[in-house]
Each structure stands twice: as structure tokens, then as C-alpha cells.
Amino acid sequence: MPLIIGLTGGIASGKSTVANMLRDKNIPIVDADVVAREVVEIGTDTYQKLVSEFGQEILNDDKTLNRPKLGSIIFQNQEKREKLNNIMHPSIRTSMKEKTQQYLEEGHEVVIMDIPLLFESKLTHLVDKTLLVYVTKETQLKRLMERNDLTEKEATDRINSQMPLSEKVKLSHAVIDNNGSLTKTEQQLNDILTNWHIQKPS
């Protein structure tokens, strides 16, 4: 019976690290962020809809989408943000489902859907199990400030724009505590995969 796992976390929680560990085990990953970039490439339906909704000023000189420009338009404006989501989300969902289906048809037993806003965007219906990468808020703040060179306030604002990780813990089938070493993180991942009968106990 194929299994679709939704991998999620919060900003700077280490979700990409866990995704790479899963890749190393040859488990295919459908990454929402990658798909979000693909669906707005020049000439796609989604690209055309964005241009007709937000105008030519969201494009670079070479006609590619200027993400920071679009971001600054919707960041200030709830109504425009909803319009953007209504254009983007359906095409991202469709593409992710198609890619997942393709992997299953190729004979993969397990596919990971890597979705940062899995719970916020109410996408849990796409997956069979949810796996959360968790860190404390202090760790999250410290890592984000270091990684993106942000002030404490900038980092806190970004963290607060997402559902708190402590809330996501209650919604997840399994949680990896990523406050410790990489070895500990991998050990937890292996235990969960064994538990879910995805790999044999070593």
C-alpha cells in the first residue's frame, strides 16, 4: 500500500536537513517550493493569470516574475494576498498531485510531499501521514537570525507569520525534535520510518 508523507516544519526548523536525509534513502520528494517556482515560469497559465491580475510591473526586464516586487505588493494588502493565493494554490496542488502520482506509478512505495505550510494551507488531505520537524522558539529565532542575517524583530515577525510549531506538534502523526545533533535527528527519523514499516530495523 503506497504511503504519502507530508513533511513540514517552520522557518529555520531544519526541514530541509530532514528532506536531504530522506533523499539519501532514495525516497522521492515533491517539494512545494520548487513546484511554486515551476508553475510561474514564463508562458504557464498561472504566469498569465498573475500578469493580468497584477500587471506588467511584477515582471523583470527578461519577462520572468519579479518575486520581491510581487511580495511587496501582496505583503501590505490582504485582498491582493488572497487573490495571489487563489491563483497560485490550485496550480501548485495540481502539479504536486501529478508528480506524486508519477512516482507511485514508477513503483515507489513512499513519496514525501515537502509542504512548509501544510497545516496553514489545510493540505493534510493530500497526505496519509504528517511528519513535523520541531525546534523550540529560541532555537528557531537564533538560527533564523544567523542564517538570514536578520534583527531579532525581523526574525520574530517572520516566525509569528506562521502557525507556532507547538501547535503543529498536536496536529502531526510524528515529530522529530531537531534541537540536538544531526545524529540525533537522523536516529529519530530512522525510528519513525521503521515504525511506519518504511525501512527494516537496523
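We use all heavy atoms of the structure for the numbers below, so side chains are in, but hydrogens, waters and symmetry mates are not.
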Mind checking side-chain hydrogen bond (donor to acceptor under 3.5 Å, both in side chains) for K99 and listing every partner two or more places apart, or none if nothing turns up?
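Per chain and number, K99 pairs via side-chain hydrogen bond (donor to acceptor under 3.5 Å, both in side chains) with E38.
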
Assess, by modelled atom type and distance only, whether the side chains of E186 and N190 contain a donor and an acceptor separated by less than 3.5 Å.
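There is no such pair between these side chains.
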
Going by atom types alone, do Q78 and E82 pair a side-chain donor with an acceptor below 3.5 Å?
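The answer is yes; a qualifying pair exists.
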
Could you give all pairs that pass the side chain to side chain donor-acceptor pair (under 3.5 Å) test and reach residues 109-122, with sequence neighbours left out?
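Only K15-D114, E120-K168 qualify under side chain to side chain donor-acceptor pair (under 3.5 Å).
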
Of all heavy-atom pairs between [X] and [Y], which one has the smallest distance, and what is that distance?
X    : Y    : answer
S13  : N178 : O-ND2, 2.8 Å
V30  : V111 : CG2-CG1, 4.0 Å
R143 : A12  : CD-O, 3.7 Å
V40  : Y47  : O-CD1, 3.4 Å

I'd like a table of donor-acceptor pairs (distance under 3.5 Å, sequence neighbours excluded) in which one partner is a side-chain atom from residues 131-140, with atom names and distances.
unit_1	atom_1	unit_2	atom_2	d
T136	OG1	E138	OE1	3.4
T136	OG1	T139	N	3.2
T136	OG1	T139	OG1	2.8
K137	NZ	N160	OD1	3.0
T139	OG1	N179	OD1	2.9
Q140	NE2	I11	O	3.0

Say whether, by atom type as modelled, one donor and one acceptor occur between the side chain of S95 and the main chain of I92 under 3.5 angstrom.
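Here the side-chain-to-backbone pair does not exist.
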
Charged N-O contact under 4.0 Å between D33 and R37:
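So D33 does not pair with R37 through a salt bridge.
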
Surrounding CG of N20 (heavy atoms of other residues, nucleotides or ligands, distance under 6.0 Å), is the total greater than 12?
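Atom CG in N20 is crowded, with more than 12 foreign heavy atoms closer than 6.0 Å.
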
